[in-house]
Amino acid sequence: MKLKNIFKFLAVAGTLALSTTSCSDWLDVKMNDKIMENTLFSTNNGFMIALNGVYMGMIDVYGEDLSLGVIDVMAQYYNMVSGNHNYKVFANYQFNDDAFKNKSNNIWTKMYALVANINGLLVHCDEENSALSEEYYPIVKGEALALRAMIHFDLLRLYGPSYNENTKSMITIPYQNEAKRDITPLRSAEYVLERVIEDLEEAVRLLKDNDPVFTTGVGNAVTSDDGLERADFTYRQLRLNYFAVQTLLARAYLWKGDKATAYRIAKEEVIDKNMVDENEMIFPWTTPEQVEAEDKNDLLFSSEVFFAIYNSSRSKLNSSYFVPALQLTSRLTFMGSSPSNSQIPVFYDDPDNDWRASLTWAVYTTTGDPKDDDDDDDDGEKVDANSSLYFLKYADAGREAELDGTETYCI
C-alpha cells in the first residue's frame, strides 16, 4: 500500500472513530465542565476561588518576566557585560530569535488565558439569579473588570506603539471582553485604550462606596462569627483595590496624553483620599524602623504599595538572577566598584539619601578565580568582575523572622 493511501486510510478511520465514539465522549466532557462551572459559581466562596485563581495565575507572568526579568533587561536596566549573556537576545531586541519568540508567545498566551477566565467570571456575576450576594458583587466584579483592563493595558504597552496622535490608529491587539471562543479581531491602539479606560471607570464606580479599604484599611485576616478566619475582604494591598484602580486609570490617561485628567485623578482620588486625617494614611510611608528592622527589614517598602502580587518563591528570584555566585553570563547586575561609579545615580536623584539605592544594592567582591567572570564589554574593554553590584531586594526571603502580622512581602 502506498504511503499516500495509508494516510487516506488513517484519515477515514479517524473520522469513523469520531462519529461512533468520540462524539459522546466529547459531549460528556463538555457537560461535565459546565456542571463543574455552575457548581463553582453557586456560592460567594466559589466566585472568590475563581477570582483568586486569576491573581495566582498572574504570578506566572508578573512574578518574573514582567517585573524583574526579561522586561527589565529590555528596558536596559542591567549591563549585558558578556557577549554570550543568557539575556543578550532580549537586551538587543532580537525579535526573530527563537528564544525571543518563545518567551513572547508564552507571555501572550498566559495573559489572554487569564483574560478568558476573567470574562467567564464576569458572565456569572450578571447572569439571572446569580448566586453572588449584594455584599460581594461590587468587590468581585470591580476587581475582575480592573484585572481585565490592567492585563490588556500591559499587552498594549508590550505589543503596541508608543501612543500619540500619529500612532493611535495602528492595529495592535484584540480586546477580549466576551466569554466566547470566537477569534476577536485586532484593534487599534485607540480602541484598546478606550476599552481599558471604560473597564477601569466602571471598576471605580463599583468600588467607590464598597471597598473595605476605606473602613478597615489594608487589613489582615479577621475572624468571623463562625470562628473561622475570613480573608475575602482583607489584604486589600494584594488585590486591585480602589486606590490601585484609580492609579491605573491615571496611568491610562497619562499614556493617552491627557495629563490634566491623569493629574486630577492622582491628586484628588489617590493622594487626597489616602489621607484619613493629618496624622494617618491608609497606605502610610514606610518608616526607617520598618526598613532597617533586624530579621524582617522591609526592603520592598510594602506599606506604600497600592497593589502587589504575593510571591511565596521570592528567594528563588534572588538565586536565579542576582546572587553573586552566578556567572556574569546569567547574573543581572550593575557593574562598578561602588554605587557612585555605577548606573545607580541614573535611577535615583540622590542615591546617598535614598533608601532604595543605599539598602537594596550592595558591592560584591569575588573571592575565586576572576577569569571565570572577566569578559569584554561591547567596546572590547576588559570588565573587572572582582567588584560588582548585586540586588538585595529579594535576598534571604525565606529566612525565619519574628513577624508581628503587619508585614507584607510581595513583588
Side-chain angles (χ1 to χ4, degrees), residues 55-91 99-100 102-103 106-107 110 238 291-302 305 308-337 339 342-344 347 355-375 383-403 407-411:
Y55 283 111
M56 293 295 293
M58 292 172 72
I59 296 175
D60 289 341
V61 283
Y62 287 95
E64 187 168 342
D65 289 331
L66 297 188
S67 58
L68 54 84
V70 168
I71 200 67
D72 275 3
V73 171
M74 292 179 66
Q76 308 301 318
Y77 281 10
Y78 305 106
N79 284 346
M80 299 291 99
V81 296
S82 172
N84 62 341
H85 196 286
N86 294 350
Y87 301 97
K88 197 77 170 183
V89 60
F90 304 105
F100 199 109
N102 291 337
K103 178 63 70 175
N106 187 49
I107 291 172
K110 286 183 177 180
L238 301 181
V291 175
E292 299 171 352
E294 185 177 358
D295 292 332
K296 57 175 181 178
N297 49 314
D298 185 1
L299 298 182
L300 297 174
F301 298 76
S302 60
V305 177
I309 302 296
Y310 184 85
N311 192 342
S312 60
S313 301
R314 194 156 59 93
S315 59
K316 293 181 181 179
L317 299 177
N318 184 54
S319 60
S320 298
Y321 289 100
F322 304 112
V323 293
L326 292 171
Q327 297 294 309
L328 284 183
T329 54
S330 57
R331 188 197 315 161
L332 298 181
T333 182
F334 288 168
M335 296 305 298
S337 58
S342 70
Q343 292 185 9
I344 285 182
F347 293 95
W355 294 337
R356 295 170 300 174
S358 60
L359 294 177
T360 59
W361 292 92
V363 176
Y364 166 67
T365 303
T366 59
T367 57
D369 187 350
K371 68 182 180 181
D372 292 332
D373 274 345
D374 283 353
D375 206 340
V383 175
D384 180 12
N386 282 330
S387 59
S388 62
L389 295 170
Y390 73 100
F391 213 20
L392 287 178
K393 185 176 181 182
Y394 298 98
D396 203 17
R399 64 177 178 266
E400 295 183 4
E402 293 296 328
L403 306 180
E407 303 79 4
T408 299
Y409 293 107
C410 38
I411 63 169

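- Between Leu66 and Ile107, the shortest heavy-atom distance links the atoms CD2-CD1, 4.2 Å.
- In this structure, Ser330 OG and Tyr321 OH are separated by 11.0 Å, a value rounded to the nearest 0.5 Å.
- Contact of the Leu317 side chain with the Leu68 side chain is registered, since non-hydrogen atoms from C-beta on lie closer than 4.5 Å.
- Put simply, the side chain of Thr329 never gets that close to the backbone of Asn86: no donor and acceptor are under 3.5 Å apart.
- Between Arg356 and Val291, the closest side-chain pair of non-hydrogen atoms is not below 4.5 Å.
- Between the side chain of Gln76 and the main chain of Met74, a donor-acceptor pair closer than 3.5 Å is present.
- In this structure, CZ on Phe90 lies 8.0 Å from CG on Asp65, to the nearest 0.5 angstrom.
- Lys316 is linked by a side-chain contact (heavy atoms from CB on, under 4.5 Å) to Ser313, Ser319, counting only residues two or more places apart in sequence or in another chain.
- Ring geometry, Trp355 versus Phe301: the interplanar angle falls under 30°, so the pair is classed parallel (tilted spans 30 to 60°).
- Across Leu332 and His85, no two heavy atoms sit closer than the pair CD2-CE1, 4.1 Å.
- Minimum interatomic distance between Arg331 and Val323 (heavy atoms only, all atoms of both residues): NE-O, 3.8 Å.
- Taking both residues in full, the closest heavy atoms of Tyr62 and Ser67 are given as O-OG, 2.8 Å, listed atom of the first, atom of the second, then distance.
- Looking at heavy atoms from C-beta onward, Tyr55 lies in side-chain contact with Met58 at the 4.5 angstrom threshold.
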